[in-house]
2 protein chains.
Amino acid sequence: MATIKEVARLAGVSVGTVSNVITGTASVAKRRKERVLRAIQELNYHPNYVARSLKLQRTKMLGMIVSDITNPFFSQVVRGAEEAALKQGYLLLTFNTDDHEERERQVLSVLRSRRVDGILLVVAPSKTKPTHIVETLKAGIPVVCLDRLPPGIAVDSVTVDNVAAARECVRHLIAQGNQKIGIITGSLALATAQQRLLGYEKAMHEANLDVDKRWVRRGDFRSESGYQLGREILQEENRPTALFVSNNLMAYGVLRALDDLGLQCPRDLAIATFDDPAITQVFRPRLTAVFQPAYSFGYTGAELLIQRIESKTTGESPISIRLPTELHIRESSATIFSRPEARGEWETSST
Amino acid sequence: MATIKEVARLAGVSVGTVSNVITGTASVAKRRKERVLRAIQELNYHPNYVARSLKLQRTKMLGMIVSDITNPFFSQVVRGAEEAALKQGYLLLTFNTDDHEERERQVLSVLRSRRVDGILLVVAPSKTKPTHIVETLKAGIPVVCLDRLPPGIAVDSVTVDNVAAARECVRHLIAQGNQKIGIITGSLALATAQQRLLGYEKAMHEANLDVDKRWVRRGDFRSESGYQLGREILQEENRPTALFVSNNLMAYGVLRALDDLGLQCPRDLAIATFDDPAITQVFRPRLTAVFQPAYSFGYTGAELLIQRIESKTTGESPISIRLPTELHIRESSATIFSRPEARGEWETSST
DNA sequence: TAGCAAAGATGAATCGTTTCAGGCACGCCG
DNA sequence: CGGCGTGCCTGAAACGATTCATCTTTGCTA
């Protein structure tokens, strides 16, 4: 692999000059510049970014930590982050933690050794205050948290107002005439799951509706738990007429449970959920869902992170960006008396 | 950020000794080793992998180029690759090309500058022989192609037998009593799409079945084209009774088209398709599909790549790994006379 | 044509590791 | 007691870029 020295020799100039041609740092006479460019072509020279990183003390690489890229929500987040990063010449080093805090610790350590310029983090749930994140910040490495906030830590973030979104969503179920409304929560170790539960409780309380304890079930954001808990709730003698399911994977599980029991949505149970990937619109019933701008999570987060990196203002008061959600109303939340017979398009309201 | 020199000073030893402790290259007396480890702790020292990479002339990083990580198939591939890479201490630098050759060129150039040790590539379709890949290989950088093979290039690969899989799939449709069978192909710039078409033609030919030209429609692997072409085919006066759809996204489009026209699958049209992500099993009708081991694509590919890197045998005769597919038979391909009335489980046969 | 400013070119030092030739100390053997 | 082998340590060179103090060239003016 050719080095800058070889290019310099072939072009008959000094290494400094070649460097100036490549980086544009200082001006180089036209004729020499051409000679250098020709030499670069001829040797098929690709500047060694490792050496450059060492000298400049920055790698133009971002660490990206998510729980699982296989989840359509996070793959969109990653995609958005990549786009924003690339646009400014940064590359993305991606990791999955499957929400294991231990793995997150390891990855963070690796990223420090790799000297990434900053880190985009979808933090794993944790019982204790995540000291590894504090340490990373203390070491002067900018971190932006996406989607979830680690408890008790001052850090930049891009989030969504889960409480308000869940509340609006449950209100919609109420407006459809439902009085007995249940919820399947995500893992309550996650702030997002807690917030959605809170939003549900608020909406119910405001409408003076009772919450039967048996209608509140604790899931883990995975399809299987939606299936299990859905079955359980549906087999209660006093079962709810509507269910707020805290994410879409679990909603699919509930649909499967309904199907198993020979029941139908929305005839026997209205459903509203969170997350709204394009793919689900193909299937019946179309799900009423809170749309989160997944792509923007990543894009905005990367932009914020890069801004922090380049302005060198890490440690100043954290910036919190709130992204808007949209409640997409579709078939799955139609109640018996309001369900249209025709297959029409459905309205959409936005927050 | 602490350096090895500072660690050495704090521990009262030379930098060479610290390096030996960290890498385990040479033996260090017990007491000194402990002093060094304590100093590392105290300074919270993280070895600078950039400097190490420069010295060792390898980065322990892999480039990963896919068309779109948002596609569930590719997100699984990436996940598998990450797992295999991490297990051997390699990191993944991920890029999306959206199947644009130009972007692929750019990314390849960036990866050379970054001095990645090897590249996992889902190659973009191309009219001409992709010289940029040849060049990369000539530069001595190992490349493993996943899923698709670039035409006319000797390169390691992990693929699936698309011809055989499509053929088996269409044979199944025939066995179900269908005689008029159509196909929606992917973009024929992609080898995989061509191969699936070929498999379809083989199966039809072997069964002495006519292929009406109007039943063969050229899509682009995206949902929208499935919808459009599905509508067109269904509105032919002599429409097929079954459709082989070359990937799952387009199959969803066809389902939407059916729905729009007030038709049902499989009553009015049997469907069999390619790719079989877990999520689709939730919905009715469950799709008969050729399952591809997406995760294994990535995992196997990364293993092969790392083996090539570490044995330094690039340029030797290429290794081609063929992964097995499985035909998952479900509701969508049941024909009128064979469709069971009960909701039972469906058989699965494997290739 | 001499003088001078501005523009351009040079090359050594530097970034933080690894590696290796050489030095030191110790113990064992004859 | 001298010689030698062994085990540990040390420190300088090298990896390939950037940068900057310093030197050279160029072009302009009087």
Side-chain angles (χ1 to χ4, degrees), chain A residues 1-37 39-40 43-61 89 110-117 139-141, chain B residues 1-37 39-40 43-61 89 109-117 139-140:
Chain A
M1 196 120 256
T3 70
I4 202 173
K5 219 188 251 174
E6 299 172 51
V7 173
R9 186 170 37 206
L10 181 59
V13 302
S14 74
V15 293
T17 301
V18 176
S19 176
N20 284 332
V21 169
I22 293 168
T23 63
T25 310
S27 60
V28 176
K30 200 174 165 212
R31 303 197 36 181
R32 302 192 142 232
K33 187 185 264 178
E34 278 164 7
R35 282 233 304 279
V36 169
L37 290 174
I40 287 177
L43 294 174
N44 200 0
Y45 168 70
H46 292 246
N48 186 326
Y49 217 105
V50 176
R52 164 191 271 248
S53 293
L54 177 61
K55 175 65 195 180
L56 296 187
Q57 301 285 73
R58 67 186 158 66
T59 53
K60 283 261 188 177
M61 290 197 310
V110 167
L111 290 179
R112 281 182 74 170
S113 257
R114 294 288 181 159
R115 297 295 190 273
V116 293
D117 295 335
I141 302 167
Chain B
M1 198 118 256
T3 71
I4 203 174
K5 219 188 251 175
E6 298 172 52
V7 173
R9 185 170 37 207
L10 181 58
V13 301
S14 75
V15 294
T17 301
V18 176
S19 176
N20 285 331
V21 169
I22 294 169
T23 62
T25 310
S27 61
V28 176
K30 202 175 165 209
R31 304 197 34 183
R32 298 188 148 236
K33 187 186 262 178
E34 279 164 7
R35 283 234 303 279
V36 169
L37 290 175
I40 287 177
L43 295 174
N44 198 2
Y45 169 70
H46 292 247
N48 186 328
Y49 217 105
V50 176
R52 164 190 272 246
S53 294
L54 178 59
K55 177 65 196 179
L56 296 187
Q57 301 285 75
R58 66 184 159 68
T59 54
K60 283 260 188 179
M61 291 196 311
S109 174
V110 167
L111 290 178
R112 281 182 74 169
S113 257
R114 293 288 181 161
R115 298 295 190 271
V116 294
D117 295 336

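Chain letters run A, B, ... following the sequence lines, proteins first, then strands; residues in each count from 1.
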Practice task
Under the side-chain contact (heavy atoms from CB on, under 4.5 Å) rule, collect the residues that match up with A:Val15, sequence neighbours excluded.
Solution key: A:Ile4, A:Lys5, A:Ala8
Practice task
For B:Val28 and for A:Thr3, locate the closest nucleotide of DNA chain D by heavy-atom distance; then report the residue assigned to the nucleotide nearer the 5' terminus.
Solution key: B:Val28
Problem - Atom of B:Pro47, atom of A:Ser113 and distance for their closest heavy-atom approach - result: O-OG, 2.9 Å
Problem - Any donor-acceptor pair under 3.5 Å from A:Thr25 side chain to A:Asn20 backbone - result: no
Practice task
Tell me which residues in residues 9-17 of chain A put a heavy atom below 4.0 Å from DNA chain D, sorted by number, or none.
Solution key: A:Gly16
Completion exercise
Of A:Ala51 and B:Thr25, the one whose closest nucleotide on DNA chain C sits nearer the 5' end is A:Ala51
Fill in the blank from the handout: Nearest heavy-atom approach of B:Arg35 to B:Val13 is NH2-CG1, 4.3 Å
Exercise for the section: Could you tell me whether B:Ser19 contacts a base, only the sugar-phosphate backbone, or nothing, with contacts defined as non-hydrogen atoms closer than 4.0 Å? Expected result: base
Practice task
Could you list all the side chain to side chain donor-acceptor pair (under 3.5 Å) pairs where at least one residue sits in residues 43-56 of chain B, not counting sequence neighbours?
Solution key: B:Asn44-B:His46
Completion exercise
Distance col, row B:Asp117:CG vs B:Leu111:CG, nearest 0.5 angstrom, shows 11.5 Å
Handout entry: Touch class at under 4.0 angstrom, heavy-atom based, for B:Leu54 against every strand present
Key = base
Problem - Minimum heavy-atom distance B:Thr59-B:Arg114, with the two atoms named - result: CG2-O, 3.8 Å
Problem - Leading and trailing nucleotides of DNA chain C with any atom under 4.0 Å from heavy atoms of chain A - result: C:dG8 to C:dG16
Practice task
For DNA chain D, note the earliest and the latest nucleotide, 5' to 3', having some atom under 4.0 Å of a heavy atom belonging to chain B.
Solution key: D:dC8 to D:dG16
Practice task
Using five pairs at either end of the helix from C:dT1-D:dA30 to C:dG30-D:dC1, determine the angle between the two local helix axes and round it to 10 degrees.
Solution key: 60°
Exercise for the section: Could you tell me whether the side chain of A:Leu43 reaches within less than 4.5 Å of the side chain of A:Leu10, counting heavy atoms only? Expected result: yes
Problem - Residue A:Lys60 excluded, over 12 heavy atoms near NZ under 6.0 Å - result: yes
Completion exercise
Looking only at heavy atoms, the pair that brings B:Val7 and B:Val36 closest together is CG1-O, 4.3 Å
Practice task
Indicate, with a heavy-atom threshold strictly under 4.0 Å, whether B:Ser53 touches base, sugar-phosphate, or nothing.
Solution key: nothing
Practice task
Evaluate the side-chain proximity of B:Met1 to A:Arg112: yes if any heavy-atom separation is below 4.5 Å, no if none is.
Solution key: yes
Problem - Any donor-acceptor pair under 3.5 Å from A:Glu6 side chain to A:Thr3 backbone - result: yes
